[in-house]
Amino acid sequence: MDLLSRYFQLPNSLLTYTRPTSAPLKNSIKIQLINKLTSARCRSLSRLICLGLASCLLLLSACQPSSNDPSPFKEDKAKTRELSQEVYVWQRQWRDANQSALVESQGAFNGVRILALQAHPKPNGADIWFEVNVNHAWLQADPRPKVAVIRLDGQLTRLNNSEVISKIRELLKQWQAQGTVIAGIEIDHDSASSKLAAYNAFLRQLKSQIPNTLKLSITALPAWLSSSEFPSLFEHIDELVLQIHSVSDPRLGLFDATQGWHWIEQLSQLAKVPYLIALPSYGSAVYSTTSDYRVESEVPLRMPLADTSSQYLARQELMADPEVLQSFVKKLHTFADPNLRGMIWFRLPLEGDKRVWPLSTLIAVAKQQPLAPQVELQMVSQPMTELAQEPAPNAKQTDQQPKANKPPQTTLFQLVLVNKGNLAGKVPSQLSLAAQSCSGYDAQNGYIAKLAKGTLTWQLPQVAQLEDKAAPLTRLSAPSAISATVLSPNGRRVIGWARCESLHLQGIYAP
């Protein structure tokens, strides 16, 4: 019997072993195997040959991958891929801020979708049409692909197909005459699920009457995904935009990441055309009674206060959470469905907008950049002669009054909190300032001011006390509610003033 035959006749106990979980244990088993080989079989063989065989076995086992070694066939981490990121331009009245926002956003978003035409229902049955007077020179200076959006209100009892298509064709001619080239049109219509068949008939007619060079997109509601009529919509469109943001329950805020992901997975099983995901970067106010609620965006709602003791009207501000959305975007980049082409942000923020993230925050979220607040105190000073200054109403006067024969030069300090970061941050609960010869001071916006032993202190009452004074709806504890103790990015809040010879910040003590 040759050496190779003798090797294969070794007992199974010497040839098999459980894969170890650590390198030291594995090496120990290898050594035990060599020892058994050299002692059990080397008696009838040349010790030199047997040692050579054992060495070969050791080398072979060393070539086998351990359980801790990474394997390309067992990759746990999902591979990321590039997705398109676009943004909605949703202003009905364009102003100078539109131009600067378009320019500043070009590095972060590779497409813009512009609200161009809107239809509202009228009580007598006639539709009200509003055409946005966009600045075509600014659009033409923007190199990104553009899509014109036609908003058809979901409250329309029915779509007058011929009228709507005529309005769209007229809009296309006007934009073409202005020299603005677009890549497609998007129909934004929150149709009821029960009316999807009629909506599909409209899309079929529209598709046949617009140029083949234009892409036809539609927005879709998550409620449509469960309708038997939904799959037929893909027959007449080139692209779909799934809207996964809304106020379905004030306690859940504007965006529920878990529910949103469920809808995306559901769409991936049905989609027959490329699709994008519409994500929120805005806020809303929710007015709630004991039986219902209404949502307010940029335009104030006209609604009467409740006139009964059983129904009170409560108001709460909701804002999409940048950190939640940034995590969601990161996960989207790992979604393997090839039909998923990207995301569209609603909406492009302008300077002065109240209920939307600032552009710096939106860009940081989209590009996966660090998010952080940076709340600072600024003191704006104005020199003045104290004897010529009358005390302000309700201002607190100090006992550090100047001498009549020596009017010192004092300074009027205005105290302002600013957030220079790209994320909302808590305002300081206490600020201590070294003060000299102060003749008056006052606090604003929830703060109280005290002077003791040459130190002016601005204090913010406890958060719980502030919330007790807020609207009853705040007790719902919505996860994205705007708090009175939070300062938005680029936010500015005046907290008081002081008239002193000198005033220096000693420290900001965060809550």
Is there a side-chain contact between Val273 and Asp238 (heavy atoms, below 4.5 Å)?
no

Test side-chain contact (heavy atoms from CB on, under 4.5 Å) on Val365 and Ser281 and set out the steps.
CA-CA 10 Å; Val365 171; Ser281 61; over 6 Å; no

Pairwise side-chain contact, Ile237 with Tyr275, heavy-atom cut-off 4.5 Å (strictly under)
no

Determine whether Trp94 and Leu139 make a side-chain contact, defined as any pair of heavy atoms from C-beta on separated by less than 4.5 Å.
yes

Please identify each residue that fulfils side chain to side chain contact (heavy atoms under 4.5 Å, CB included) with Ser360, with sequence neighbours left out.
Pro358, Asn422, Asn490

Minimum side-chain heavy-atom gap Leu83-Phe335 below 4.5 Å:
no

Heavy-atom count around Asp153 CG within 6.0 Å, excluding the residue itself: above 12?
yes

On a heavy-atom basis, the closest approach of Asn110 and Ser84 is OD1-OG, 3.1 Å

Take Gln326 and Lys330 through the side-chain contact (heavy atoms from CB on, under 4.5 Å) test and state the conclusion after the steps.
CA-CA 6 Å; Gln326 189 174 66; Lys330 184 177 181 180; over 6 Å; no

Do NZ/NE/NH1/NH2 and the carboxylate oxygens of Asp190 and Lys195 come within less than 4.0 Å?
no

Check whether any side-chain heavy atom of Glu229 lies under 4.5 Å from a side-chain heavy atom of Asn200, and answer yes or no.
no

Taking NZ, NE, NH1 and NH2 as the nitrogens, is one of them in Glu235 or Arg204 under 4.0 Å from a carboxylate oxygen of the other?
no

Would you say the side-chain atoms of Gln106 pair up with the backbone N or O of Pro143, donor to acceptor, closer than 3.5 Å?
no

Separation of Trp497 CH2 from Tyr441 OH (nearest 0.5 Å):
10.0 Å

For Pro373, all residues meeting side chain to side chain contact (heavy atoms under 4.5 Å, CB included), sequence neighbours excluded:
Asn419, Leu423

Give me the atom names and distance for the closest heavy-atom approach of Leu456 to Cys500.
CD1-SG, 4.2 Å

Partners passing side-chain hydrogen bond (donor to acceptor under 3.5 Å, both in side chains) against His136 (at least two apart in sequence or in another chain):
Thr180

Would you say that Thr157 contacts Pro121 through its side chain, given a criterion of any heavy-atom pair below 4.5 Å between the two side chains?
no

Under the criterion side-chain contact (heavy atoms from CB on, under 4.5 Å), I'd like the reasoning laid out for Ser191 against Leu196: C-alpha separation, chi angles, the key distance, then a yes or no.
CA-CA 7 Å; Ser191 170; Leu196 285 182; 4.1 Å; yes

For the CD1 atom of Ile114 and the OH atom of Tyr88, what is their distance to the nearest 0.5 Å?
11.0 Å

Any side-chain to backbone donor/acceptor pair from Gln382 onto Gln414? Under 3.5 Å, distance only.
no

Output the distance between atom CG (Leu225) and atom CD (Gln266), rounded to the nearest 0.5 Å.
4.5 Å

Thr80 side chain to Thr334 backbone, donor-acceptor under 3.5 Å:
no

Under 3.5 Å: donor-acceptor pair, side chain of Glu186, backbone of Arg113:
no

Are Trp175 and Ile185 close enough that some pair of their side-chain heavy atoms sits under 4.5 Å apart?
no

Answer yes or no: are there more than 12 heavy-atom neighbours, outside Arg492 itself, under 6.0 Å from its atom CZ?
no

To the nearest 0.5 Å, what is the distance between CG on Leu325 and OG1 on Thr361?
11.5 Å

Say you draw a straight line from CH2 of Trp458 to CG of Leu377; how long is it, rounded to the nearest 0.5 Å?
9.5 Å

With rounding to the nearest 0.5 angstrom, report the CG to CG distance, Asp96 to Asn135.
9.0 Å

What closest approach, in Å, do Gly496 and Gln444 show between heavy atoms, and which atom pair accounts for it?
CA-OE1, 3.7 Å

Locate the shortest heavy-atom distance separating Ala271 from Phe234; write the atom from each residue and the value.
CA-CZ, 3.6 Å

Ring center gap for Tyr282 and His245 short of 6.0 angstrom:
yes

Do Leu240 and Leu267 have side chains that get closer than 4.5 Å, going by heavy atoms?
yes

Identified side chain to side chain donor-acceptor pair (under 3.5 Å) partner of Trp129 from the options His120, Glu163, Gln118:
Glu163

Could you tabulate the donor-acceptor pairs under 3.5 Å formed by side-chain atoms of residues 258-265, not counting sequence neighbours?
{"unit_1": "Trp261", "atom_1": "NE1", "unit_2": "Glu265", "atom_2": "OE2", "d": "3.2"}

Heavy-atom nearest pair, Leu503 first then Ala435, reads CD1-CB, 3.7 Å

What pairs of donor and acceptor atoms, side-chain ones from residues 213-223 against any protein atom, are under 3.5 angstrom apart with sequence neighbours left out?
{"unit_1": "Lys215", "atom_1": "NZ", "unit_2": "Glu239", "atom_2": "OE2", "d": "3.3"}
{"unit_1": "Ser217", "atom_1": "OG", "unit_2": "Glu239", "atom_2": "OE1", "d": "2.7"}
{"unit_1": "Thr219", "atom_1": "OG1", "unit_2": "Asp188", "atom_2": "OD1", "d": "2.9"}

Using distance only, find each side-chain donor-acceptor pair of residues 97-104 under 3.5 Å and give its atom names and separation, not counting sequence neighbours.
{"unit_1": "Asn98", "atom_1": "OD1", "unit_2": "Arg95", "atom_2": "N", "d": "3.0"}
{"unit_1": "Asn98", "atom_1": "ND2", "unit_2": "Gln91", "atom_2": "OE1", "d": "3.2"}
{"unit_1": "Ser100", "atom_1": "OG", "unit_2": "Ala97", "atom_2": "O", "d": "3.0"}

Heavy-atom pair with the smallest gap, counting every atom of Trp224 and Phe230:
O-CB, 3.2 Å

Checking His189 against Leu159 for the side-chain contact (heavy atoms from CB on, under 4.5 Å) test, could you report, in this order, the C-alpha distance in whole Å, the side-chain angles of both residues, the deciding distance, and whether it holds?
CA-CA 10 Å; His189 178 49; Leu159 292 180; 4.0 Å; yes

